[in-house]
J.: 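My structure is below; once you've seen it, I'll send some questions.
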Amino acid sequence: MAEISRRTLIQALPVAAGVTLATGTTTEAVANAISIQADGITLVAEADGSVLVRDDADRVRLSHFMIKDSVLGQQRTFGGTPSLVTVDGRPAIQVDYTMSASAQQVTVRGLFTVSARRAHLRWEVGGSATLTPSGFMFARTVLNPSAPERYVPVTRWTRDARGGVPYEVNAGALYQETWAGTRAFFRLDKTTPGFTNATWIHAPGTAANVTEVELVLGEMRPAAANGLATAAPLSVDAWCDQPFGLHDPGAELRLRAQVVNGSATARTVRLTWCARDFDGKKAGHGTLNRTLAAGEVWDETFTVGGEPQGIVFAEVKAVSGADEAFARTTMATLRPHTYQAEGRFGIANYTWMLVPDKASVGALLRRIGVKSVRIAYDGAPGLSPAELDALGIPHNVQLGGVIFNGTPAQVTAWADDRAAVARASGARYFEVANELNNPWMQGQRVPEYIRDGLKPIHDRLKDSGIKLMNCGLGGMDTVWTAKFIEAGGWDLIDAFAIHPGRGNFTPDYAPPPGEWQQGENGTYWNFLGALREARRIVDEQGGGKELWLTEAYACTRPNRWWNDNHRQAAENVLLTLALAVSEGVDGVNWYQPHDSTIHHPQEADPANPEYHFGLMNRDTGVKAALLAYATATRILEGARFVRWLTLPDPELKGLRFDGFAMLWSRKDGYLLNADHGADQWYPHEEAWSDHWPTKTPLTLPATGATVREVDCIGRERTLPVRDGQVRLTLDGAPRVYYGLSE
């Protein structure tokens, strides 16, 4: 048989064991097998209706299809009859599947075609007016893989035509199969990975009850596979092989890039790249040109020199004619640090996105000074209590599900279960439910919460050594808290927990409670004012209660005036944690480790604020906020707050701790993005853009020959002292100074 290259071959002959096909593959012994073939891929229809996917080895077997019907329930196929047909002028394998006796009216037909290194899989379902295509699935068996199947959401970077910063949007979903030297990717428009299991992949159908899946073979990144699957003209991926892009000081930062030509013809592609530091200075850039054949994948590696501590923001762009694609990532350096045994700073939410692996995530938590995890118990997402114990990281639990007005038996069963989980987890604190004060400042269901939730847990754990917290309040809800105290809840807790959310206000904005405005964008969502009110209540009520911020925030939802840009977030992380220490907070858990949501891990969700609270981006590359968190934990651990500083200009602010001071200016006000319009959209500046227009010189007495300045991401510089004085320049960004006179 003649050599085949980039064209489709049909073989409708009996195939015996050991017969070599045009690509050099061999098939199993299957009587009257039907196969279709293209460059790098062969599909073989077996007598029972299964379809075998091969390249130079057997890779995947596609066997059954499952439908969902509101009357018939879930029904699967049981074998099928293959035949050779033509679809749109191309040869195809058709499989007419056999349904069970209880679903004989349902018809399922599979149509499978191939092109270079790619198969198109289509299932058509009919015969019932009550089908539920959202529940369709197909069965696959992966043959001799070298790694477990991995769900990989695929995103695409885009720019808003109005301006602002670029962001990611969803571009499909992949299930990646892995062997030594190659991979396969099932590509779907949508899927719910929680519905997928070892046998079935969730593959929702269209309103016409059709499911379509692309299968791509080859050693490539998921983004490239997605580009080939969708025939995108150009696709680009940018990443760093180092976990989280985080390096030791002075390390060589290696930016990886992969470009794929998903079109049907060769194209000349111009590849440009640029990496900028936190000040916007180019740390590296360049341009390359190359002609890519149809479907060709192009890999490049670029090198950027590392600083003692800092971050670089990298973009890779591919252009061919009118087509353009780009991708971004971050890389950073972080100094080593030996932390004390105890600390006030932790992580809220689950440490559930274990990418690239548990060991790397655990090492990162230790490296940035995480001293508590808000939620950890056996069966919860993320690192288990035993794994956190091995890392020396204390952990708590937050469990909800309070059954309001339940029967005694229901309340007993719920409380017994939650108390048992808390005991088994080895938790230090139990936060009983979460933000039950919603709707805010209305004080709903407070007595019921105490009766059906808090007191049953208190009674079961009163001699356990586990401290109790109230449900962490969304904002400093004075109405709910007053009713909680009145109803006797204060005597049942060991720690008062709040979540002082923050809008487009600097963390030190502190309006009194009487001035708080409600609403989605109201001043109720301020940080320092909420914290001071919580401190006042704790001190006023007495009893030695602790004060915890079990969620603290710096949301980076792109191009929204209510939320921080990435530079603002880094500044605000440092100031938030310093203010928490200044108010004597016993613990702060930052919300959350990664940009993502627990139900849709690593999918893009640009409009959802819940998605953007992470210290790391969706691709797990660090944000500047992570460096700010590590800077704060290192500077503030064990620090003793002394006083607020009184400076010559009342718009200049400062906190004095033992051994150092933190200084900033409010000459530009307490509002961020203050020039926003009536709608929510606002063009955020890039992370490397200084957004404080007013620079104020200040001369202060100093004790030595130099003063050491540390910015929000931990970069240091030395300032000279002359005649016992040092000259500083302040703006809205907080900076730490060592060597100022007391």
J.: Go through the structure and list residues passing salt bridge (Lys or Arg N to Asp or Glu O under 4.0 Å) with K467, not counting sequence neighbours.
T.: E546
J.: Listing request: all side chain to side chain donor-acceptor pair (under 3.5 Å) pairs with a residue in residues 174-187, at least two apart in sequence or in separate chains.
T.: R150-Q176, Y175-T191, Y175-T196, Q176-T178, R187-D189, R187-N226
J.: For R335, does the CZ atom sit with more than 12 other heavy atoms under 6.0 Å from it, leaving out its own atoms?
T.: yes
J.: Sequence neighbours left out, what passes ring pair (Phe, Tyr, Trp, His ring centres under 6.0 Å) with W548? Give chain and number order.
T.: Y429
J.: Could I get the full list of salt bridge (Lys or Arg N to Asp or Glu O under 4.0 Å) partners for E603, not counting sequence neighbours?
T.: none
J.: Which side chain to side chain donor-acceptor pair (under 3.5 Å) pairs, counting each pair once, include a residue from residues 376-394, with sequence neighbours left out?
T.: K358-E387, S384-E387, D389-H395
J.: Among residues at least two apart in sequence or on other chains, which ones pass ring pair (Phe, Tyr, Trp, His ring centres under 6.0 Å) with Y611?
T.: none
J.: Which residues pass the ring pair (Phe, Tyr, Trp, His ring centres under 6.0 Å) test with W273, not counting sequence neighbours?
T.: F302
J.: Could you name each residue pair satisfying salt bridge (charged side-chain N to carboxylate O under 4.0 Å, His left out) that touches residues 417-431, not counting sequence neighbours?
T.: R374-E431
J.: Which residues pass the side-chain hydrogen bond (donor to acceptor under 3.5 Å, both in side chains) test with D494, not counting sequence neighbours?
T.: none
J.: Please determine if R159 forms a cation-pi arrangement with F326, meaning its NZ or CZ atom is less than 6.0 Å from the six-membered ring centre and no more than 45° off the ring axis.
T.: yes
J.: Report the residues that fulfil side-chain hydrogen bond (donor to acceptor under 3.5 Å, both in side chains) with H285, sequence neighbours left out, ordered by chain and then residue number.
T.: none
J.: For Y339, give me all partners under ring pair (Phe, Tyr, Trp, His ring centres under 6.0 Å), at least two apart in sequence or on another chain.
T.: H337
J.: Could you pull out all residues at least two apart from R328 that satisfy salt bridge (Lys or Arg N to Asp or Glu O under 4.0 Å)?
T.: E315, E686
